[in-house]
J.: 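Here it is, the structure in full.
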Amino acid sequence: METVAGVLRGAGESIPLPEDLGSLVGRVLEEGADVFFRLSSPLGPVFVAVGRRGVTCVDRVGSEEEFCRRYRGRFGRLLMPAGKRDLDLAGRLAAALAGRQVEVPLDLERMTPFQRRVMRVVRGIPRGEVRPYGWVAREAGSPGASRAVGNVMARNPLPLLVPCHRVVRNDGTPGNYGFSPREKVRLLREEGVPLEELSGSPYTATPTTGVFCHTTCRHARRIQPENRLAFRSPADALRAGFRPCRVCRPVAV
DNA sequence: TGGGTGACGCTCC
DNA sequence: GGGAGCGCCACCC
């Protein structure tokens, strides 16, 4: 594939360039451009941009031109279409977008330490499970910062790869989502999240073990229907004598 | 530096 | 039961 750098080398140095283009070309020669993929995902076709440190953004915009223009405005870097040698990465990205546990490096460099911690916590929420904003805040080391977690989620540059659709309100209702709350509900249903059951009873316990979990925790979902007890809050479950699950940690341990 | 903002959460009525 | 009001926290300008 012919590269910008290659073309410029071929053209020689005698062609004057406009100042802003000249600086961009200099950056391409120095560092190379970031690359982008167009992939299918549960949100429909998306563009995924990848820089040297990992994936920088996932977005659902109309044209390649618009995506590249916005990317240049936001990250100050040129974007080029991924080439044939990037096929392996394209496959891994598609799998990760589909919610499979595939290791894909993410570039969180531009984020504050709090934002990075939130992104790491949310990335660990398994497919088919959800956690409340307040839980994410606590796990990220800032108990009480649930509203701040909402702010981070609202600006999540890596939807699906950082599954912010799996962060829900404390009462088990889905809450808001950047692409629309309806889209969030659809994604969660596709992952098998029992939204009706969750709403109003986000915690589930069983007398057989004396343990309570987030209702979508993989352990809670194995409880036989006749042994299930629903709770509205961890405090209610604790008062009833249950201890918190060590896997989904419904309260601080 | 400090006030405004918000994909939250809790209390009160 | 549900909505209004307010606290909280991190970030942005």
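Chain letters run A, B, ... following the sequence lines, proteins first, then strands; residues in each count from 1. Owing to the predicted nature of the structure, the values given are computational and were not obtained by experimental measurement.
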J.: Can you tell me how far C1' of C:dG2 sits from CZ of A:Arg232, to the nearest Å?
T.: 11 Å
J.: Tell me the interatomic distance from A:Arg138, atom CZ, to B:dG9, atom P, rounded to whole angstroms.
T.: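 To the nearest whole Å, that distance equals 13 Å.
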J.: If you draw the axis of the six-membered ring of A:Phe179, does the NZ or CZ of A:Arg60 fall within 45° of it and under 6.0 Å from the ring centre?
T.: yes
J.: Let me know the distance between CG of A:Asp171 and P of B:dT11, rounded to the nearest Å.
T.: 14 Å
J.: Within this structure, what is the CE-to-C1' distance between A:Met153 and C:dA10, rounded to whole angstrom?
T.: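 The distance from CE of A:Met153 to C1' of C:dA10 comes to 13 Å, rounded to the nearest Å.
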J.: If I take atom CG from residue A:Leu97 and atom CZ from residue A:Arg92, how far apart are they, to the nearest 0.5 angstrom?
T.: 12.5 Å
J.: Quick one: is B:dC10 close enough that its OP1 or OP2 comes under 4.0 Å of any side-chain N or O from A:Asn170?
T.: yes
J.: To the nearest Å, give me how far apart CZ (A:Arg74) and P (C:dC12) are.
T.: 12 Å
J.: Using a heavy-atom cut-off of under 4.0 Å over every strand shown, decide if A:Gly134 touches base, sugar-phosphate, or nothing.
T.: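 Since only primed, P, OP1 and OP2 atoms lie under 4.0 Å of A:Gly134, the category is sugar-phosphate.
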J.: Output the rounded distance in Å from CZ (A:Arg117) to C1' (C:dC9).
T.: 12 Å
J.: I need the OH-P distance between A:Tyr133 and C:dA10, as an integer number of Å.
T.: 17 Å
J.: Is the closest side-chain donor-acceptor distance between A:Asp34 and A:Tyr71 under 3.5 Å?
T.: yes
J.: On the nucleotide C:dC8, are OP1 or OP2 found under 4.0 Å from the side-chain N or O atoms that A:Ser146 carries?
T.: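 No, because none of the side-chain N or O atoms of A:Ser146 sits under 4.0 Å from OP1 or OP2 of C:dC8.
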J.: Provide, to the nearest angstrom, the distance between the CZ atom belonging to A:Arg155 and the C1' atom belonging to C:dA10.
T.: 10 Å
J.: Return the nearest nucleotide to the side chain of A:Gln115; candidates are B:dA7, B:dG9, C:dC11.
T.: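 Nearest nucleotide to the side chain: C:dC11.
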J.: What is the nucleic acid contact for A:Phe114, judged by heavy atoms within less than 4.0 Å: base, sugar-phosphate only, or nothing?
T.: sugar-phosphate
J.: Base, sugar-phosphate alone, or nothing: which one does A:Asn151 contact when heavy atoms must sit under 4.0 Å apart?
T.: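 The residue A:Asn151 makes base contact.
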J.: Measure from the side-chain heavy atoms of A:Ala145 and tell me the nearest of C:dC11, B:dG9, C:dC9.
T.: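 Nearest to the side-chain atoms of A:Ala145, counting from C-beta on, is C:dC9.
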J.: I need the A:Phe67 CZ to A:Leu79 CG distance, nearest 0.5 Å.
T.: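 Rounded to the nearest 0.5 Å, the CZ-CG separation comes out at 5.5 Å.
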J.: Could you pick out which residue, A:Arg169 or A:Ala148, lies toward the 5' side of DNA chain B when each is mapped onto its nearest nucleotide?
T.: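 Final value for this comparison: A:Ala148.
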J.: Can you confirm whether A:Arg232 is buried at CZ, in the sense that more than 12 heavy atoms of other residues, nucleotides or ligands lie under 6.0 Å from that atom?
T.: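 No, the 6.0 Å shell around CZ holds no more than 12 heavy atoms from other groups.
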